[in-house]
Amino acid sequence: QQQVKQSPQSLIVQKGGISIINCAYENTAFDYFPWYQQFPGKGPALLIAIRPDVSEKKEGRFTISFNKSAKQFSLHIMDSQPGDSATYFCAAVTDSNYQLIWGAGTKLIIKP
Amino acid sequence: DAGVIQSPRHEVTEMGQEVTLRCKPISGHNSLFWYRQTMMRGLELLIYFNNNVPIDDSGMPEDRFSAKMPNASFSTLKIQPSEPRDSAVYFCASSLALGSYTGELFFGEGSRLTVL
């Protein structure tokens, strides 16, 4: 019940295309869903986050879509660029807990 | 802002040797996390400190692993004796916890450990 399932494991998208990464969870107590971006040789860095009281959050080319009833959320990267090539992790946590539950990660490659 | 600083960035050692990884969190942050990252297991939380006190060390693999935080600006993760299966990237992260909300994690660049 504490798991966050992330898919796909890897993704190749042409430059300018839309990249979509999906995550699903079971624990309805989760109330904060961040996405982290990790470049090779670096630590993960917060990209964008959402709370379940909204269905969508957009920051530039990055959008989180949240479906509370289905217990799913996804990251959309519009107009994907080679500089977006990285590993993306979804995560979930409750405000009363410190421990992020991490997805397994998606390695995204944007082809020029 | 300097960010979270970890050292060494790379460590190659032989099985049985002691390894010490170091972390300087962001000034003012009161929570510190040690993570281990491998291809097989992804990101694993090893230990969590809040206000320099270890709150949860249930992720520490075994007694060979120990972590300390003697003050708000320094933490160490020690492996003694090291084994080849300890080879991984070890990350330190800090955050500003407000009440029960942990907030955004700021990660260091990691320490890549190879145990031969």
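All values derive from a computational prediction rather than experimental measurement. Just so it is clear: chains get the letters A, B, ... in the order the sequence lines come, proteins before strands, and each one is counted from 1.
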Original post:
Just by distance, do the side chain of A:S19 and the backbone of A:S80 share a donor-acceptor pair under 3.5 Å?
Top reply: no
Original post:
Under a 4.5 Å heavy-atom cutoff, which of B:R112, B:Q6, B:R9, B:Q37 has the most pairs with chain A?
Top reply: B:Q37
Parallel, tilted or perpendicular, judged at 30° and 60°: which one describes the rings of [X] and [Y]?
{"X": "A:Y25", "Y": "A:F33", "result": "tilted"}
{"X": "A:Y88", "Y": "A:F62", "result": "tilted"}
{"X": "B:H29", "Y": "B:F106", "result": "tilted"}

Subject >> Structural part of B:D56 lying under 4.5 Å from a heavy atom of chain A >> reply: both
Original post:
Where does A:P34 contact chain B at under 4.5 Å (heavy atoms): side chain, backbone, both or neither?
Top reply: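 Neither part, no heavy atoms under 4.5 Å.
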